[in-house]
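Below, all heavy atoms of this structure are taken into account, side chains as well, without hydrogens, waters or symmetry copies. Residue numbers begin at 1 in each chain, while the letters A, B, ... track the order of the sequences.
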Amino acid sequence: MRGGRRKRNDDDDENGFAQWGGYMEAKKAKLMEQYREQTVKSAEKVSDVLKGIAIFVNGYTKPSSEELKILMAEHGGVFHTYQVASTTHIIASMLPNVKISKLGNVPIVKPGWIVDSITLGRVLDYSNYLLYSNQSRTQPKLKHYMKSADVQSKNITKSRPISPDLFESNEFDEEVEFKLSESTEDEMKISKIIDSKRVLENNGINALTKTAYEGKISIDESKSKSVLENNSINASTKTASDPSFLAEFYNNSRLHLIATLGAEFKQLVNDMREKNTGKYPGLEAITKREVNNKSVGSIVMHIDMDCFFVSVGLRSRPELRGLPVAVTHSKGGPSRSNVDRRREIEMYVERLPEGADCRLEAIDNNSSLSEIASCSYEARKCGVKNGMFMGAALKLCPNLKAIPYDFEGYKQVSSILYKTISEYTLDIEAVSCDEMYVDIGNILQKTSFTVQEWAGHIRSVIKARTGCPCSTGFGANRLQARLATKRAKPDGQYYLKPELVEDYMSEMPLSELPGVGRATLIKLKNLGFETCKDIQESSLTVLQKEFGSKSGESIWDQSHGVDKKALCYEHERKSVSAEVNYGIRFKNEEEALTFLQRLSVEVKNRLLETGMKARGVTLKLMVRAENAPTETAKYLGHGVCDSLTRSVMLPTATEDSQVIYREIKGIYEKLKQPYQDLRGVGIQLTRLEKAVVMNSFMKSFLSKPSTKVETKKDVSFQQKSIIKEKTFKEDTTINEENKENTIEVKPPMRASGRGRPRGSKNGTKLVRKSSNELSNYFKSTQKDRPKVKQSKCDIDLNVLNELPEDIRKEIIKEYNLDKGKKLCKSTNWKRKR
DNA sequence: ATCCTCCCCTAC
DNA sequence: TAAGGTAGGGGAGGAT
Ligand SMILES: Nc1ccn([C@H]2C[C@H](O)[C@@H](COP(=O)(O)OP(=O)(O)OP(=O)(O)O)O2)c(=O)n1
Ligand SMILES: [Mg+2]
Ligand SMILES: [Mg+2]
């Protein structure tokens, strides 16, 4: 969903039928400008059933226009935003005569034709689905078919991806506004003045400081409203079973947004560092002339936007400044739910870890369970927190004002934040879309700024460019910098000097330490630890015994203000995943599998963007807990669940959604969970390896879909290697009976020099030997990967039967996995608030 | 010891 | 109504 998260103006026919001729023409002209053959980002081809068919949906239909768009894309058809020459069919459920007469000779067909054709896997005679029986019954000409099939293509609007190139253009075209809003930190007032003076003198910042945020406030909000409105027709109970669900869900998920933005900015830092030009215009503008040899050493800056989503939202709502404000999907009204929440809450409490203090604010059957993504500091004074339910927050703060999301705005501001910092240094560790660590040793040395001067400078630039306040913290390590930011907020700066660390830490409640969350806090509390001082007076050994070796040491270190982890500028992704724990309500097994198929495509697309292939495939399910109510308190939420995961290791890395899906399907069936009780599903890919860049020979070899081999035929020529490939073939599913007796042969896809060896610090490499000897091949596989799990459906039985008895036995043995399934309490979701 | 799988936890 | 994702650190316990 990356990049395409905002829908463009949609094809929805608003049901305002043409009263007069000019309307259609006007509408058409308008649409003409933005004409596209529509395919949907998240929809990937599943079949070619509808090849050659190009539809235009007129008026309200069921499935909806949006859903038909996806179905067309999934099955090789074309969806037209409006009727054009190549439109082969018009889909409508009902049309007034006046409209029909304008549509020409193209048959008007009921939507059931599409649905039934897909269901039966072939194009049915549409004459049985004509909306009006007096229509012509001839099929559209073949010419039409060809044309539309040819035209069928691409053209998906995306919001601009974050790329280093973007940062080369002059994004900013207005003077920096130096005034800062009143600060909580006295010390920074001085630096403010010094700072603006210096910048004015240097005047260099102007070159890179343009475009105030005011002129660039995104129009995203109006769009996001229209997304909601567009779907209001059938949004009443849209679940994951609907074809358009996945796209819509991700389009509205804030957590998905911040997760993907975070990954994008990490990648951006990678990219910028790779193509490092050595040019830092911001830094140059404030660099002192005289050479300063005094090295400052490394000082870590942590910078974080203040109540990020709220600040972005307030740029266009100045009248709400100073008031308690929250960003949420809910409008603040009462929940329309008529579900009795008591039982779910009881179970929720039951499952709380021992020692947890349970405040039950959700008991009210009508309070909104929409989560608050971000709340203003005024709201925080009442006890409102990010992640809290709106209903609960309203009880703490009755005049809390709700404002809508502005996803595009967040992305813009984040981009400016990263662009701005990157004009001074690339020693950046991206944490999230609103937050990063920066080594400012070099900056301080070049500019002779004090920490406070630098903080004032960078904060004023960011404020001027984005219209949003941020805070910065400084310290000798990341922990100290981060804690300093906490103290600086909101709209402030603080340097936790080394000599103050000891005192500062001893008063610190353990809950403040990063990495100490709800569960750890309870455990600490039960052990009698409240503050870092308590820990200091304990011992490393005790902590390690209680929390494990690493975790114990981490708590110990942090309580002393110690953080041994250096900033990590370059980052390498270790996994790619996609999950949905909302709206999962399958009515039958097939719906579940269809959704898993879509999710496979989704996760494959994400993998593709990383340029990696994956060996590990994991399925994660959230299953309604025993005795948990079927209807969750939160509308379409997951409720109280058990979660379980199971994984397989592929013999060879893949980037093929069909391979992924086949594995997932195998695992899913093995887990034997009733589809009715599924409340969440996720697919995770691990063991990532660099995708091999194929040469043209390999490509052309691979692209021949017709390269098939009769299974029954003697394969003695090149026998061994072919068998190897076939045995672990990625493209054959034994469950699919339609596969005749042929299989495709692919060249070896084993990555050249497999990815990094796992984990082992001492460099003990596990290298797969590639052997010509079949038995050796299997042996080495087994040796390299003890306990490799592999679903049986990976093996082509036809091929298996060709093998000598002993080898066949060996394979069967190796692939025979079956662990009793385990259930474990899923507690994560409860930790919100 | 070190790996693996299946969790749990945390952060944004 | 509501949009409860995602990546990484790490522990327990079993296999080697
Ligand atoms: N449970 C959460 C936490 C955060 N966010 C989003 C909204 C936040 O604005 C953004 C940044 O998270 P921060 O932790 O930085 O929180 P804020 O920026 O909102 O506030 P602060 O001033 O404390 O940084 O991430 C979210 O959607 N849900
Ligand atoms: Mg923030
Ligand atoms: Mg943050």
Side-chain angles (χ1 to χ4, degrees), chain A residues 1 227-228 231 235-238 245 248-263 266 304 308 328-331 333-339 353 366 368-371 373-374 386-387 389-391 405 431-435 514-520 523 547-552 554 565 571 573-584 606 616 618 620 622 632-639 641 643-649 679-680 682 684 686 757-762 764 766 783 785-789 819 821-832:
Chain A
M1 283 333 302
V227 166
L228 293 175
N231 294 315
S236 49
T237 48
K238 187 170 269 182
F245 175 85
E248 196 174 306
F249 171 70
Y250 281 135
N251 270 334
N252 288 286
S253 163
R254 80 192 201 276
L255 290 174
H256 172 72
L257 180 85
I258 62 175
T260 48
L261 280 187
K266 279 172 192 176
D304 187 299
F308 184 42
T328 159
H329 282 299
S330 141
K331 292 168 194 70
S335 159
R336 258 181 41 218
S337 155
N338 41 15
V339 175
N366 292 317
S368 166
L369 297 183
S370 172
E371 278 180 34
S374 180
N386 288 0
F389 292 139
M390 186 58 179
Y405 285 91
V431 175
S432 76
C433 64
D434 90 325
E435 185 176 348
V516 174
R518 185 193 176 117
T520 313
K523 217 169 149 188
F547 296 90
S549 131
K550 304 259 194 132
S551 306
S554 171
K565 235 174 74 194
H571 125 106
R573 220 131 79 120
K574 297 190 179 111
S575 69
V576 174
S577 66
E579 63 190 273
V580 176
N581 302 306
Y582 177 85
I584 305 294
R606 296 182 192 182
T618 304
K620 177 186 167 220
M622 288 187 80
T632 55
K634 192 191 191 98
Y635 175 67
L636 292 183
H638 55 55
C641 283
S643 81
L644 53 146
T645 66
R646 205 101 327 179
S647 57
V648 293
M649 200 60 70
R679 292 293 179 270
Q684 185 184 34
T686 52
R758 292 275 286 185
S760 75
K761 280 167 231 159
N762 55 12
T764 318
L766 298 169
K783 193 179 172 202
R785 297 281 157 224
K787 292 290 298 175
V788 161
K789 305 207 171 180
K819 261 190 169 177
K821 67 167 187 183
K822 268 185 270 175
L823 281 184
C824 66
K825 272 207 279 183
S826 160
T827 47
N828 278 355
W829 69 277
K830 290 184 283 189
R831 313 219 176 276
K832 306 236 149 98

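- At the phosphate of B/dC7, OP1 or OP2 sits under 4.0 Å from a side-chain N or O atom of A/R646.
- Proximity of A/K620 to the phosphate of C/dT6: no side-chain N or O atom is located under 4.0 Å from OP1 or OP2.
- Nucleotide C/dT6 holds its P atom 14 Å from the CE atom of A/M622, rounded to whole Å.
- In this structure, A/G262 reaches neither bases nor backbone, as no heavy-atom distance under 4.0 Å exists between it and the strands shown.
- Of all nucleotides listed (C/dG10, C/dA2, C/dG8), C/dA2 comes nearest to the side chain of A/S335.
- Between A/H638 atom NE2 and C/dT6 atom P there is a gap of 13 Å when expressed in whole angstrom units.
- Distance CG (A/L369) to P (C/dT1): 12 Å, rounded to an integer number of Å.
- Atom OH of A/Y405 is separated from atom C1' of C/dA3 by 8 Å (rounded to the nearest Å).
- The backbone N or O of A/H256 sits less than 3.5 Å from a side-chain atom of A/T260, completing a donor-acceptor pair.
- A/F308 comes within 4.0 angstrom of no nucleic acid atom, judged by non-hydrogen atoms across all strands.
- For A/S370, no side-chain nitrogen or oxygen approaches OP1 or OP2 of C/dT1 to under 4.0 Å.
- A sub-4.0 Å separation between OP1 or OP2 of C/dA2 and a side-chain N or O of A/S368 is present.
- Counting any heavy atom pair closer than 4.0 Å across all strands shown, A/N338 reaches no nucleic acid atom.
- Between A/F547 atom CZ and C/dA12 atom P the separation is 12 Å, expressed in whole Å.
- Nearest nucleotide to the A/K550 side chain, out of C/dG11, C/dA3, B/dC6: C/dG11.
- For A/K331, the listed nucleotide lying nearest its side chain is C/dT1; candidates were C/dA3, B/dC7, C/dT1.
- Distances shown here put a side-chain N or O of A/Y250 below 4.0 Å from the OP1 or OP2 atom of C/dT6.
- Atom CE of A/M622 is separated from atom CD1 of A/I584 by 10.5 Å, given to the nearest 0.5 angstrom.
- Put simply, OG1 on A/T686 and CE on A/M649 are 5.5 Å apart, with the number rounded to the nearest 0.5 Å.
- Nearer the 5' end of DNA chain C, as judged by each residue's closest nucleotide, is the contact made by A/A259, out of A/A259 and A/G548.
- Of the side-chain N and O atoms in A/H329, none sit less than 4.0 angstrom from OP1 or OP2 of C/dT1.
- Considering only side-chain N and O atoms, A/T520 lies under 4.0 angstrom from the phosphate OP1 or OP2 of B/dT10.
- What separates CG of A/N252 from C1' of C/dG5 is a distance of 14 Å, to the nearest Å.
- Residues A/F547 and A/G552 come closest through the heavy atom pair CB-N, 3.9 Å.
- Residue contacts shown for A/Q684 are absent, as no nucleic acid heavy atom lies under 4.0 Å away.
- The two residues A/Y405 and A/R254 come nearest to each other via the heavy atoms OH-CD, 3.1 Å.
- Across all strands shown, A/V576 has heavy atoms under 4.0 Å from sugar-phosphate atoms exclusively, and none from any base.
- Side-chain contact check for A/H638 versus A/Y582: every heavy-atom pair is 4.5 Å or farther apart.
- Closest approach to the A/S551 side chain among C/dG5, C/dG10, B/dT10 is made by C/dG10 (side chain taken as heavy atoms from C-beta onward).
- Which of B/dC12, C/dT6, C/dG4 sits closest to the side chain of A/S432 comes down to B/dC12.
- Rounding to the nearest 0.5 Å places CD of A/E579 at 8.0 Å from CD of A/Q684.
- When the nearest nucleotides of DNA chain C are assigned to A/E579 and A/S330 by heavy-atom distance, the more 5′-ward of the two goes with A/S330.
- Dashed line: the shortest gap from a side-chain N or O of A/N581 to OP1 or OP2 of C/dG5 is under 4.0 Å.
- Of the side-chain N and O atoms in A/S577, one or more sit less than 4.0 angstrom from OP1 or OP2 of C/dA7.
- In this structure, A/D434 atom CG and B/dA11 atom C1' are separated by 11 Å, rounded to whole Å.
- A/R518 has its CZ atom 10 Å from the P atom of B/dT10, to the nearest Å.
- Proximity of A/R254 to the phosphate of C/dG4: a side-chain N or O atom is located under 4.0 Å from OP1 or OP2.
- Considering only heavy atoms from C-beta on, A/C433 comes within 4.5 Å of A/F308 through its side chain.
- For the OP1/OP2 pair of C/dA7 and a distance below 4.0 Å, the side-chain nitrogens and oxygens of A/R573 include at least one atom meeting the criterion.
- Of the side-chain N and O atoms in A/S575, one or more sit less than 4.0 angstrom from OP1 or OP2 of C/dG8.
- Among the protein residues, A/T618 comes within range of no part of the nucleic acid, since none of its heavy atoms lies under 4.0 Å from any strand.
- Here A/S554 lies out of heavy-atom contact (under 4.0 Å) with every strand.
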